[in-house]
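Note that the structure is predicted; figures quoted are calculated from it, not measured. Note: hydrogens, waters and symmetry copies are ignored here, and every other heavy atom, side chains too, is used. Starting from 1, each residue takes its place in the sequence as its number.
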Amino acid sequence: MGKKHFICTHTWLNEDAKKQGTEFTSNMTEQEFFDSVKTDKAETLAHWMGKEDFFYCHWFAEDEDAIFDALEGIGGNDFMATLPIETERYVDSSDIKDQTLINPYDD
């Protein structure tokens with residue numbers, strides 16, 4: 001099965017989970033962070049976090065279950081709720097191609 005692009009919205013389950021989750025990553029390098037959630041079926045490609053209730057990751061995965069499995073491998077499902085959304089259209093300004101945009105509503 002091929003991998004697809006997903007945007008995941010995450011939120012901490014509670015303040016204690018937020019504290020534990022941020023402490024877990026506070027001493028990691030960026031490489032260690034990406035390696036920690038990479039499996040054969042799913043990997044994080046980008047991560048955005050501010051001080052708001054929600055934070056976001058770009059995943060490249062076979063399906064939603066592969067994302068949850070990768071998070072389970074680090075105990076992430078115990079700290080946060082995750083909503084994965086497959087994005088049929090994925091374009092990146094650092095890798096522009098001369099192609100027509102995909103319409104995700106086309107069957």
Side-chain angles (χ1 to χ4, degrees):
M1 176 183 280
K3 291 182 180 176
K4 303 170 274 192
H5 292 276
F6 291 83
I7 291 295
C8 286
T9 302
H10 307 281
T11 190
W12 301 112
L13 296 178
N14 54 50
E15 284 300 313
D16 188 47
K18 179 180 178 179
K19 181 179 178 190
Q20 290 177 356
T22 53
E23 284 177 358
F24 175 74
T25 59
S26 66
N27 292 316
M28 285 184 169
T29 65
E30 292 174 358
Q31 187 65 56
E32 290 170 334
F33 170 79
F34 287 113
D35 289 346
S36 73
V37 288
K38 184 175 184 176
T39 69
D40 290 340
K41 295 182 179 184
E43 61 186 300
T44 303
L45 300 180
H47 173 71
W48 301 267
M49 180 185 283
K51 294 180 181 179
E52 303 301 323
D53 291 337
F54 297 96
F55 52 103
Y56 310 90
C57 291
H58 172 190
W59 284 80
F60 194 51
E62 289 184 3
D63 55 28
E64 293 177 4
D65 288 337
I67 295 168
F68 288 116
D69 290 345
L71 291 171
E72 185 63 33
I74 61 164
N77 295 329
D78 296 334
F79 296 101
M80 61 188 164
T82 299
L83 173 65
I85 299 171
E86 183 182 347
T87 57
E88 289 84 356
R89 178 190 290 175
Y90 168 74
V91 295
D92 184 332
S93 65
S94 67
D95 186 26
I96 297 174
K97 298 173 181 65
D98 190 25
Q99 298 176 353
T100 305
L101 290 173
I102 292 172
N103 181 344
Y105 299 101
D106 282 347
D107 290 334

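Taking CZ of Phe54 as the reference point, atom CH2 of Trp12 lies at 13.0 Å (rounded to 0.5 Å). In this structure, the separation between CG on Leu13 and OG1 on Thr11 is 8.0 Å, given to the nearest 0.5 Å. Within the model, atoms CG of Asn103 and CZ of Arg89 stand 6.5 Å from one another, a figure rounded to the nearest 0.5 Å. Expressed to the nearest 0.5 Å, how far OH of Tyr56 lies from OG1 of Thr9 amounts to 5.5 Å. Remark: Phe34 CZ to Thr29 OG1 distance equals 10.0 Å, nearest 0.5 Å. Separation of atoms SG (Cys57) and CZ (Phe6) is listed at 13.5 Å; rounding is to 0.5 Å.
Clustering ILVMFWY residues whenever any of their side-chain heavy atoms sit less than 4.5 angstrom apart, transitively, puts Val37 in the very cluster that holds Ile67. Linking Ile, Leu, Val, Met, Phe, Trp and Tyr residues whenever their side-chain heavy atoms come within less than 4.5 Å leaves Ile7 and Leu71 in two separate clusters.
Among all heavy-atom pairs drawn from Ala17 and Asn14, the shortest one is N-OD1, 2.7 Å. When all heavy atoms are compared, the tightest approach of Ala66 to Ala42 is O-CB, 3.5 Å.
Residue pairs satisfying the salt bridge (charged side-chain N to carboxylate O under 4.0 Å, His left out) criterion with at least one member in residues 45-65, sequence neighbours excluded, are absent.
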Hey, can you pull the donor-acceptor pairs under 3.5 Å for the side chains in residues 74-87, sequence neighbours left out?
unit_1, atom_1, unit_2, atom_2, d
Asn77, ND2, Phe68, O, 3.0
Asn77, ND2, Glu72, OE1, 3.0
Thr82, OG1, His10, ND1, 2.9
Thr87, OG1, His5, O, 3.3

Just distance, no hydrogens or angles: give the donor-acceptor pairs under 3.5 Å from side chains in residues 43-50, sequence neighbours left out.
unit_1, atom_1, unit_2, atom_2, d
Glu43, OE2, Lys3, NZ, 3.3

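Residue Lys4 qualifies as enclosed at atom NZ: its count of foreign heavy atoms under 6.0 Å is above 12. The environment of CG in Asp106 is crowded: more than 12 heavy-atom neighbours from other residues, nucleotides or ligands sit within 6.0 Å. Within 6.0 Å of CD on Glu32 lie more than 12 heavy atoms contributed by other residues, nucleotides or ligands.
Using a cutoff of 4.0 Å between basic side-chain nitrogens and carboxylate oxygens, Lys97 and Asp95 are scored as salt-bridged.
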